[in-house]
Structure formats: structure tokens, C-alpha cells
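Both ligands and their constituent atoms are indexed starting at 1 by order of listing.
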Amino acid sequence: MLSRLRTAGLVDIAEKLDATVRLDFEDGVRLFDAPDLLTVGWLANRERERRHAGRTYYNYNIRLEATNVCVASCLFCSFARLKPGDAGAYTLTLEEVWAKLEARAHQPLTEVHVVNGLHPDLPFSYYTELLRGFKRIRPGIHLKCFTAVEIAFFADLYGKTDEQVLVELKEAGLDSLPGGGAEVFATRVRTKLAADKCDADRYLSIHRTAHALGMRTNVTMLYGHIETHEERVDHMLRIRQLQDETGGVQAFIPLAFHPDNNQMRKLPAPTATDSLRVHAVGRLMLDNVPHIKAYWIATGVDVAQTALWFGVDDLDGTVQEETIYHMAGSKTPTAMTPRQLERLIVAAGREPLERDTLYNVIRSAAVAS
Ligand code: V47
């Protein structure tokens with residue numbers, strides 16, 4: 001391997017990793033620029049195995065999107081509709097959203113993941129009642145709901161501080177925050193793609209506050225559009241900095257840009273090799289974040305499975321009811337059963353473990369081929 005590392009120009013990075021010396025900004029850019037993807041992947045896999053050996057996590061979850069009405073006009077979004085009444089706009093009643101969870105009474109779900117549009121007219125009680133209803137239906141279920149962007153929007157709309165919003169949602173049953181809305185932190189990209197969203201500092205500050213309140217969060221990065229390698233590394237380093245402060249980030253989730261039915265449809269989707277590389281560099285740069293997740297709905301199932309040798313130790317979960325990516329052109333199934341996930345993991349030579357949202361192991365599967 002030494003000669004391969006030498007040819008790839010990555011010996012010094014391998015040595016730093018061996019000595020547990022942190023990689024810096026330039027190292028990150030070099031990992032993106034190095035042509036030899038397999039060597040980058042090999043390094044990332046070493047870091048993955050140091051932390052998790054072959055263990056690979058997934059959970060039994062459901063995704064619900066209560067409304068797609070959204071005052072923001074993010075260029076990459078195919079899901080949102082600006083106003084109630086616009087073609088395709090929907091807002092479910094609380095009873096309709098709860099009914100979706102009730103319909104899954106037979107499934108041993110452990111998590112509900114909710115992301116909504118930024119709806120201008122709903123009362124705050126819609127969200128608190130939504131959470132309370134979920135807990136009434138399934139008292140033990142973990143509620144991973146509302147991105148930091150939604151928290152900022154609620155604070156501005158309802159005249160509360162970010163912390164007040166988080167406290168009130170927590171009292172109503174919120175357990176953790178999903179990682180959506182991070183997009184790319186660099187101002188150049190964020191103002192072009194997602195001008196209406198809260199800026200990077202506020203996104204990170206909301207995660208900081210959530211951590212101080214005892215909640216865990218995930219952080220994403222939308223890649224494969226107009227961002228540079230430098231901007232990707234900058235994004236990762238801002239997450240690393242937050243994590244040094246709080247330790248509350250559970251997983252980093254790169255999200256592959258999907259170009260269908262949105263204002264960026266002229267751009268191609270990222271390639272498989274780019275997807276593998278982003279996950280691998282994420283593992284290498286984010287030395288303090290425990291898990292790197294390949295969201296199979298975004299990467300595609302085959303790439304997610306291959307990524308288990310490129311730094312990834314988590315495949316999200318069963319998902320079910322996904323719309324954001326399928327409206328943007330994802331060709332994956334919208335759901336996978338635990339058995340399907342386990343088969344994928346075993347076929348990749350890894351060990352499947354069903355986890356809850358906080359990475360407590362629920363079941364270690366012995367899966368037949
Ligand atoms: O923030 C929207 C992205 C995110 C497109 O926390 C798009 O466990 C690609 O955050 N192409 C929402 N991406 C999804 C999300 C998520 C996913 C999986 C796990 C977790 C977690 C969180 O979806 C948005 C945005 O970055 N998105 N449109 C698109 N056309």
C-alpha cells in the first residue's frame with residue numbers, strides 16, 4: 001500500500017492519520033483533488049474500521065412531510081410550492097398525519113423523521129400538537145423533526161427566540177433534529193441556492209443550542225452542483241468546529257444533488273465516484289463525528305452499499321413515504337425492509353445492526369443470503 005500511497009501523493013496524510021494528527025484544510029482539498037479514488041477510500045475505510053470495525057447501522061424509521069407549502073425558493077428544491085392553492089401544494093391536517101403513523105401500528109418503528117416546507121400561515125400549535133399526537137399514538141417513538149432552518153423560521157414567524165422554540169418543541173415531544181437545511185455553508189453558494197434560508201452561523205447556532213438542551217443532531221451537505229472542493233472542505237471544518245465545542249453531532253450525511261423538476265435542472269447529477277469520494281473525505285476530515293451516513297435514497301442503493309468500504313457505517317433506515325428526492329428524480333425504491341437492508345450489508349461483507357436514533361443497538365441480525 002505504501003507505493004500506492006506514494007504514487008497518489010498521500011503518504012503524509014496517511015502518516016498524520018496514523019499519528020492521530022488532525023487533517024487540515026489543504027489536506028481536505030488534496031483528498032478531493034487526488035485522482036486515485038481507491039486510495040482515498042482505503043484511508044477512509046481504515047478510519048471507519050478503527051471506530052466501527054465492520055459494524056453497519058440502520059434503523060426502522062418512517063418519513064413524514066406534513067406540508068410542502070414553503071416561502072423559500074431554493075433553486076434545487078422540487079418539493080416545495082410557494083403558496084397554499086398552487087398546483088401540487090398540500091397541507092395535511094393533524095389527523096391525516098397521525099393517521100399515517102397509526103397505519104403502521106404493525107411495524108416495530110423506532111423513529112419518525114419529519115421535514116416540512118416553511119408554511120407562512122400555520123399556528124405554532126400545529127407543530128406542538130403534531131408531536132404530542134405522535135407520542136400519544138406511539139409513546140416510545142423517537143421524534144427527529146424539523147431542521148434548523150425550520151426552527152429559525154418558527155422563531156421569526158412566531159416572535160420567539162431559537163432557544164424558546166426548541167424548548168417548547170422539546171416539551172411537546174421533540175427528541176432530536178435532523179440534518180437537513182445545511183446545504184453548503186459557504187456564503188457564495190448559500191446565497192445563490194438558498195437565499196431565503198437562515199445563514200450558516202444561525203444553522204450551526206441552533207444545533208449548538210439543541211445540544212445544550214440535551215438533544216442530538218445530524219448535519220448534512222448537499223453536494224454535486226456549483227460548490228468547489230474548497231467549499232466542501234470548509235463545510236466539513238465548520239461541522240468539526242461545532243463538534244469540538246458540543247459533541248452533539250451524531251452523523252454527517254452527504255446528500256447527492258438531484259436535478260429533476262427544479263431550477264437547477266440543466267446541471268448533471270453527481271457521479272458515483274464523486275459520491276464515494278465525498279463520503280470518504282467526510283470520514284477523514286470529521287474525526288470527531290461518530291457516524292458517516294449514506295442516505296441510499298440520495299446516493300442510490302448500489303453506491304450506498306459500495307460506500308460501506310469508503311468510510312460509511314450507517315445506511316439511514318427503512319425510510320418509507322419519501323417524496324423530496326423522488327420529486328427530484330431519485331429512481332430508488334421509496335422504502336426498504338429491514339431484511340433488504342440487512343441483505344445489502346451482508347452482501348457487502350459487513351455486519352448489520354439495527355439501531356435506534358441514538359445508535360443504541362436494538363438487534364444484531366443473523367441474515368440468510
Ligand atoms: O435539506 C432537497 C435536500 C434535505 C434536493 O438527519 C435535495 O438523518 C438533493 O435532510 N437534490 C432534506 N437534495 C433531507 C435531509 C435528510 C436526509 C436523510 C437523513 C437525514 C437525517 C436528513 O434534502 C434538504 C436538502 O438539502 N434536498 N432537494 C435535491 N433536488
Side-chain angles (χ1 to χ4, degrees), residues 57-59 61-65 68 70 72-80 110-118 142-153 175-185 189-190 193-194 196-198 200 203 207 210 215-227 235 239 248-270 275 278 289 291-300 304 312 314-332 334 355-359:
Y57 301 94
Y58 72 90
N59 72 351
N61 61 353
I62 183 175
R63 205 158 289 252
L64 298 174
E65 287 115 13
N68 66 349
C70 189
S73 308
C74 300
L75 298 191
F76 53 81
C77 189
S78 317
F79 168 72
T110 58
E111 173 189 281
V112 180
H113 176 153
V114 176
V115 176
N116 293 320
L118 308 177
H142 183 108
L143 301 180
K144 183 179 70 169
C145 309
F146 316 125
T147 65
V149 169
E150 291 169 85
I151 303 298
F153 176 74
D175 294 302
S176 66
L177 295 187
E183 319 315 354
V184 176
F185 291 143
V189 181
R190 201 168 181 83
L193 262 55
D196 309 314
K197 279 188 173 156
C198 68
Y203 177 98
H207 280 252
M215 286 188 263
R216 297 295 165 127
T217 69
N218 293 332
V219 182
T220 58
M221 178 177 80
L222 180 69
Y223 68 88
H225 42 88
I226 61 164
E227 85 288 3
H235 189 96
I239 300 169
V249 179
Q250 297 206 107
F252 172 59
I253 313 160
L255 295 172
F257 166 64
H258 280 56
D260 287 5
N261 305 313
N262 59 51
Q263 296 177 70
M264 292 167 78
R265 57 187 163 271
K266 292 217 166 71
L267 292 181
S275 289
V278 175
V289 173
H291 302 283
I292 305 295
K293 182 189 285 193
Y295 182 43
W296 55 268
I297 297 266
T299 56
V312 167
D314 187 282
L315 287 186
D316 197 85
T318 52
V319 181
Q320 318 187 79
E321 306 237 356
E322 202 287 327
T323 48
I324 296 176
Y325 280 84
H326 285 81
M327 289 172 92
S330 172
K331 301 288 185 287
T332 68
T334 52
R355 61 164 174 86
D356 65 12
T357 310
L358 302 175
Y359 289 86

Exercise: do Thr318 and Tyr58 side chains pair donor with acceptor under 3.5 Å:
no
Identify all pairs of nitrogen or oxygen atoms, one from ligand 1 and one from the protein, separated by less than 3.5 Å, and list them with distances.
residue, atom, partner, partner atom, Å
ligand 1, 1 (O), Gly181, N, 2.7
ligand 1, 1 (O), Glu183, OE2, 3.1
ligand 1, 6 (O), Gly179, N, 2.7
ligand 1, 6 (O), Asn218, ND2, 3.2
ligand 1, 8 (O), Lys144, NZ, 2.6
ligand 1, 8 (O), Asn218, ND2, 3.0
ligand 1, 8 (O), Lys293, NZ, 2.8
ligand 1, 10 (O), Gly180, N, 3.1
ligand 1, 11 (N), His258, N, 2.8
ligand 1, 13 (N), Tyr325, OH, 2.8
ligand 1, 23 (O), Tyr325, OH, 3.3
ligand 1, 26 (O), Glu183, OE1, 2.4
ligand 1, 26 (O), Glu183, OE2, 3.4
ligand 1, 30 (N), Phe76, O, 2.7
ligand 1, 30 (N), His258, O, 2.9

If the plane angle is over 60° it's perpendicular, under 30° parallel, otherwise tilted; pick one for Phe185 and His235.
parallel
Where does the angle between the aromatic ring planes of His291 and Tyr359 fall among parallel (under 30°), tilted (30 to 60°) and perpendicular (over 60°)?
parallel
Using atom types as modelled and distance alone, determine if a side-chain donor or acceptor of Asp316 lies under 3.5 Å from a backbone N or O of Tyr295.
no
Identify whether the distance between the nearest side-chain nitrogen and carboxylate oxygen of Glu322 and Arg63 falls below 4.0 Å.
no
Restricting to side-chain contact (heavy atoms from CB on, under 4.5 Å), what partner residues turn up for Cys74, sequence neighbours left out?
Ala72, Phe76, Cys77, Ala194, Lys197
